[in-house]
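Shown next, in structure tokens, is the structure this report addresses.
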Amino acid sequence: MCFTCSRSCLVKPFVVLIMTYLDNNVVNVALPTIQRDLGLSLSGLEWIVSSYILVFAGLMLAGGRLADILGRRRIFVLGLSVFTLASLAAGLATTGGLLIAARAAQGVGAALLTPTALALIRSVFPDARERATAIGLWSSVGALALALGPLTGGFISENWRWGWIYLINVPVGLVTVGLTLWAIRDTPDGRVRHSLDIPGLATSSLAMFALTYGLIEGGRAGWTSPEILGAFGLAVAFAIAFVVIERRSREPMIDLSVFRSRVVSGGMLSIGLWAFGVFGIYFFTALYLQNALGFSPLEAGASFVPMALVMAVSAALSARISQMIGTAPTVAAGLLVMAGAIFGISFVGEGGTFGDLLPWFLLYGLGGGLLVPVTTVVLGMLPADRAGIAAGVLNVSREVFGLLGVTILGAILNGRQTAFLADGAGPLTAFLDAYRTTLVIAALIVLVGVPVSLFSLRRSRSGRDGDRPAEAVPAMAQG
């Protein structure tokens, strides 16, 4: 199938990516307006954000598996329908409880949509070169969505009723459902009628729920509180149960032997370290722009647009760069540039301007876009009938490490800020010093990805990136 003939099929996953990524971050700058309108406490605001992430991350593996079993087009339409209806409910919500419930329902739809959309790209573009180009474009759209989220939220919260941050999804979703039913057909590998592995689905989802809950609520309840320790304990217990079930199952949801591949395991770690930097820096730099530099929500959101535009261009070109110099050097260079940019931002203090930040933002976007070939290589290592679950695992890695970025960096920032305040520093000085320390630590953590990617994604003796191409990987656990 030529790339030109497939563009109509490709548009639908891209639209869905924008919708789900926007809802990951569009709400943040609108929270003060929502709080005033609905009379919510701080805890209520936290759950507006957390309910979506909790369900999204908890069910993503299940969404990928359902796509492999029941057909990607069917699950894609189901997820899109759920997400669209939930967006309507969220936009019309009149109480905090209704809004939180609608956000959780959005998470269900997003968990079905996100891995399925990426798996559709794997199915529509069986040719490796065309697939690499499509995934590059996919990641470019994701980068744009990261910028449009805070920008859109800031504009709507300042000019319209906050409910429109969700209602704008409704017409887009309806049109996309219609186009999907008309243009996309399940490919032969998109309807693999195997068993559903209910025990594997249940234990993996419960493990992700418990882990995500612990990460989200750890800062509020205390990392050593019985509530959080219990959540992490349940996550470990369900994860162990999942491993035992998958090893004994005749047709496991995930063949655990794939993680013996240095490409799969190292690639997912590289994606995780990328997400750690992106999620954490977006979150805390947004606070820095508003609290230290006095930016309005709209101005803070607009500040990320140049970074995201460069990331989008870099992502689109990353496939060509990878073909020229190899996946490992491309990804390692991206992480190195990101780490350098984070370190550079740490030198911009209280008197900084957007002009001082812009070079580092652009450098950050350049490095972030070069991580795209990881997705292409990892998906290419797995058989086509496992594309859904592979996409689910990739996205889970991104979400979990992103949460780690926010929670770990947040704990470091809060701890350092408290220490500086105790030493007599003023509130702004304490925040800036803690923010600078946090950035340096984040840069060092992202830097770990450089040797990881150079080792795990290096070329094989045949001259190809990775252990083996997808065609050479034996069909895993197909019953």
Side-chain angles (χ1 to χ4, degrees), residues 14-56 79-111 113-114 141-142 144-178 216 279 282-283 285-287 289-291 293-305 308 406:
F14 281 5
V15 171
V16 165
L17 179 67
I18 291 176
M19 292 170 64
T20 54
Y21 274 35
L22 279 177
D23 268 70
N24 237 340
N25 56 23
V26 70
V27 70
N28 290 329
V29 294
L31 286 176
T33 305
I34 296 174
Q35 184 177 32
R36 289 192 300 268
D37 192 18
L38 301 183
L40 297 177
S41 65
L42 180 61
S43 176
L45 288 181
E46 290 174 347
W47 273 105
I48 290 173
V49 177
S50 301
S51 58
Y52 177 82
I53 299 174
L54 180 65
V55 177
F56 183 30
L80 185 55
S81 300
V82 170
F83 190 88
T84 302
L85 291 173
S87 297
L88 177 63
L92 299 177
T94 55
T95 67
L98 289 175
L99 180 55
I100 291 170
R103 289 282 288 165
Q106 279 187 312
V108 174
L113 277 175
T114 304
V141 173
L144 290 174
L146 285 173
L148 289 175
L151 180 63
T152 303
F155 176 82
I156 291 176
S157 63
E158 289 186 13
N159 297 280
W160 301 345
R161 182 182 179 272
W162 61 264
W164 281 102
I165 65 178
Y166 304 114
L167 292 176
I168 55 176
N169 290 328
V170 176
V172 177
L174 291 174
V175 171
T176 307
V177 167
I216 290 172
F279 280 59
Y282 258 76
F283 185 84
T285 300
L287 293 177
L289 291 173
Q290 296 181 67
N291 294 343
L293 302 187
F295 285 26
S296 70
L298 181 58
E299 290 171 337
S303 298
F304 290 108
V305 172
V406 174

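Along the sequence shown, residues are numbered consecutively beginning with 1. Values below: every heavy atom of this structure, side chains too, minus hydrogens, waters and symmetry copies. In this text, all values refer to a predicted model and were calculated from it rather than measured experimentally.
- You'll find the side chain of V55 stays beyond 4.5 Å of the side chain of R103, heavy atoms only.
- Partners of S81 according to the side chain to side chain contact (heavy atoms under 4.5 Å, CB included) rule, which considers only residues two or more places apart in sequence or in another chain, are V77, V177.
- Contacts of A105 classified as side chain to side chain contact (heavy atoms under 4.5 Å, CB included), with partners at least two apart in sequence or in another chain: A86.
- Ring geometry, Y166 versus W162: the interplanar angle exceeds 60°, so the pair is classed perpendicular (tilted spans 30 to 60°).
- Counting heavy atoms from C-beta on, the side chains of L38 and L99 come closer than 4.5 Å.
- The two residues A110 and Y52 come nearest to each other via the heavy atoms CB-OH, 3.5 Å.
- Residues satisfying the side chain to side chain contact (heavy atoms under 4.5 Å, CB included) criterion with L88, sequence neighbours excluded, are L92, L167, V170.
- Rounding to the nearest 0.5 Å places CG of L174 at 8.0 Å from CG of L85.
- Once rounded to the nearest 0.5 Å, the distance linking CG of N169 with CZ of F83 reads 5.0 Å.
- You'll find the side chain of D37 reaches within 4.5 Å of the side chain of R161, heavy atoms only.
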